[in-house]
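This report refers to the structure that appears directly beneath it.
Convention: sequence-line order gives letters A, B, ...; per-chain numbering from 1.
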Amino acid sequence: MSSIDQLASNWVARRYSGRMDAAAEAAFQVWHDADPRHAGAYLRAEAAWVLLDRSQVLTHGDGISEDILSSPLSALPNRARPEPTRRAVLMGTVAASVAALAGMAWFLRSRLSFETGRGELRKVPLADRSLAAINTDSRIDVAMSPRRRDIHLVKGEAWFEVAKNPDAPFVVSAGDIRVRAVGTAFSVRRHDDGADVLVTEGIVETWSVREPGKKTRLSAGDQAFVADAARVATAYEPDEVTRKLAWRERKIILREETLSDAVAEFNRYNEQQIVIADPSLAGLKLVGGFDVDQPEDFARSVHAASEAPVSIRSDRIIIGTQSGAG
Amino acid sequence: MTAANSRAALLAFVGTQILPHEADLRRMLTRLGVKAHERDDIVQEVYCRLLRLDGVDHIDDPRAYLFRTARNVVLAQIRRNRVVSIMTMQNLDDLHVADAMPNPETATAARVELNQVLGLIRDLPERCRQVFELRKVHGLSQAETAARLGVSENIVEKETAKGLTAILKTLSASPLLTKRVPASAPGARHVVD
C-alpha cells in the first residue's frame with residue numbers, strides 16, 4: 001500500500017466522522033484534486049467503506065459479537081506510519097547550474113571539448129549561457145566568439161538549450177550536416193550517413209554542406225533525419241521527440257519498439273552488452289520505461305513478459321537461450 | 001439522478017463489482033513484472049477513470065472492464081514517459097482478455113458474501129474490530145461508537161482510518177467472492193473505453 005492509500009483512508013475516516021467542517025472539507029478538495037491518483041485512491045477507499053455496510057444489510061444489524069459491549073478500549077498502539085516517499089527526484093535544476101556560471105569570464109570557456117564515456121550523461125553550461133546535455137559515448141567541441149557559436153558534434157548525441165543572441169548564430173555541425181538556431185532547444189545525433197534532429201522548442205534550420213542552398217526549417221515537436229545527400233525526412237511527432245530525449249533523465253522509454261531496437265538502445269549505455277540469441281524474438285514489440293543503466297532490470301522484465309530464457313553474466317546478458325548454451 | 005445518488009451508485013458498484021477483482025488485477029500486473037509502487041499508481045489511476053464515468057449501468061462485465069481500463073492506464077503512463085516495467089504488447093492484450101480466464105466469482109450465496117465481509121472485520125486487530133463492528137454491523141455513528149467504547153472521537157477516527165487501510169490491504173491481496181450482476185442482454189456486450 002502506498003502512502004497515498006493511507007491518506008485516502010484517513011480522509012474517509014474524517015469525512016464519515018460526522019465532524020467535517022468547511023475548512024477540513026476545503027483541505028480535502030485540495031488534496032483530492034491535486035493528483036488523479038489521489039482521486040482514484042479515495043474512490044477505492046470510500047467504496048470499501050461503503051461495502052462494509054453490507055454486513056448491516058445482510059445481518060439486519062444483529063450479527064455483532066456481544067463481548068465487545070463489555071470490553072472497553074484501553075491505551076491504543078499507534079504504529080501507523082506513512083511509508084517514505086518513493087518518487088526519486090529526476091534531473092538537477094538546469095537553471096541553477098546556468099546561474100552559477102553567470103559570472104564566469106567569456107574567454108575561459110570559449111574553446112572547449114566535452115566528452116562522455118559509455119553510460120555517462122553530462123550537463124554542461126556553455127560560456128554563452130546555453131546549456132548542453134551530452135549523451136552516452138559522445139563528444140562535442142565548442143568554439144565561441146562574439147559573432148559565432150560553433151559546436152562540432154564529433155560523435156554521439158547532444159541536446160542544446162540555446163541562449164538567445166541574434167548577433168551570434170548557434171550552429172551545430174555533425175559531419176556534413178548543419179543545424180542552426182538563434183534561441184531554441186534541440187538535439188542532434190550523429191550517424192554514419194547523416195544526423196537525427198529533434199526540436200523541443202522554437203525553430204531551427206538544417207542543411208547539408210553538400211547542398212548549402214537547400215535549407216529545411218523545423219519547429220518544436222518535429223523530428224527529422226537529415227541525410228548527407230541533403231534529403232530531409234521530417235515528421236511532426238512531439239511525443240516521439242520527448243520519448244527519444246528521455247535519456248536526459250537517464251531513461252529509456254519504449255512504446256511498441258522492437259526488442260532489437262530496445263537492445264541497441266541499452267547497449268549504447270552499458271559495458272554489459274545485451275545479445276539476442278534467438279532471432280525469432282527480435283521483432284517482439286515492447287512497451288515500458290527503464291533506467292538506462294539497468295539492463296538487468298530490462299532483461300528480467302523481458303523474461304517476465306515473454307518467458308524467453310535470459311542468462312545474466314557480468315559481461316553480458318543473453319536473451320533467448322539457456323545459461324551455458326550458445 | 002442527483003449528484004449524491006450517482007456517487008452512491010458508483011460507490012456501490014465499485015465496492016461490490018470492482019474491488020473484489022482488484023487482487024487478480026494486481027496478481028496479473030505482478031506476473032508481468034510491474035513493481036509494487038508502479039502497481040499502486042496503476043490501480044489508483046484505474047479508480048480515477050471510474051470517477052469520470054457518467055454512469056455504470058452500461059458495464060455488463062465489470063471484471064473485463066477493470067482489466068481493459070488497466071491496460072489503457074499502462075499505455076497512458078508510457079506516453080507520459082513514466083517508468084513502468086516492461087510488458088510485451090501481447091501481454092498487454094492478455095490483460096484485455098484476462099476476464100476469459102476461469103475465475104471463482106460465479107453466483108455466490110448471500111451467506112458466503114456476508115461471511116466474507118464480516119471476515120474482513122473479524123480479522124482486524126482487536127480495537128479496530130470493535131470500532132468497525134459498532135459502526136458497520138450495528139450502524140452506530142462515530143460519536144455513539146466513542147460513547148459506547150468510552151474513548152474520544154479522535155481515537156475512533158484513528159482506528160477507523162487504520163482499519164480501513166488494513167481492509168484495503170487484504171482486498172488488494174485476495175479476491176472477494178461476490179454475486180455477479182447478470183448481463184442485461186446476453187450476447188450483446190458493450191465495448192467501453
Contact origin within B:Val46 toward chain A - heavy atom pairs under 4.5 Å: neither
Quick test of your reading of the model: are A:Asp5 and A:Arg44 salt-bridged, counting only N-O distances below 4.0 Å? yes
Check each atom of B:Ile167 against the heavy atoms of chain A and say whether the ones under 4.5 Å are side chain, backbone, both or neither. side chain
Going by an N to O cut-off under 4.0 Å, is there a salt bridge joining B:Arg63 and B:Asp24? yes
is_close_aromatic(A:Tyr42, A:Phe28), centroid dist under 6.0 Å: yes
What residue in B:Leu120, B:Leu171, B:Val14, B:Leu51 has the most heavy-atom pairs under 4.5 Å with chain A? B:Leu51
Do the side chains of A:Ile253 and A:Phe290 get nearer than 4.5 Å, heavy atoms only? no
Heaviest contributor of heavy-atom pairs below 4.5 Å to chain A, chosen from B:Leu10, B:Thr145, B:Leu50, B:Leu19, is B:Leu19
Under a 4.0 Å threshold between the charged nitrogen and the carboxylate oxygen, would A:Glu265 count as salt-bridged to A:Arg268? yes
Counting C-beta onward and ignoring hydrogens, is there a side-chain heavy-atom pair between B:Ile18 and B:Phe13 closer than 4.5 Å? yes
Top contributor to chain B interface from A:Arg243, A:Glu46, A:His38 [non-hydrogen pairs under 4.5 Å]: A:Glu46
Is the shortest distance from a Lys or Arg side-chain nitrogen in B:Lys35 or A:Asp297 to a carboxylate oxygen in the other one below 4.0 Å? yes
Residue by residue, scan residues 14-27 of chain A and write down, ordered by number, those that have a heavy-atom distance under 4.5 Å to chain B; if none do, write 'none'. A:Arg14, A:Tyr16, A:Ser17, A:Arg19
Could I get the full list of side-chain hydrogen bond (donor to acceptor under 3.5 Å, both in side chains) partners for A:Thr200, not counting sequence neighbours? A:Trp159
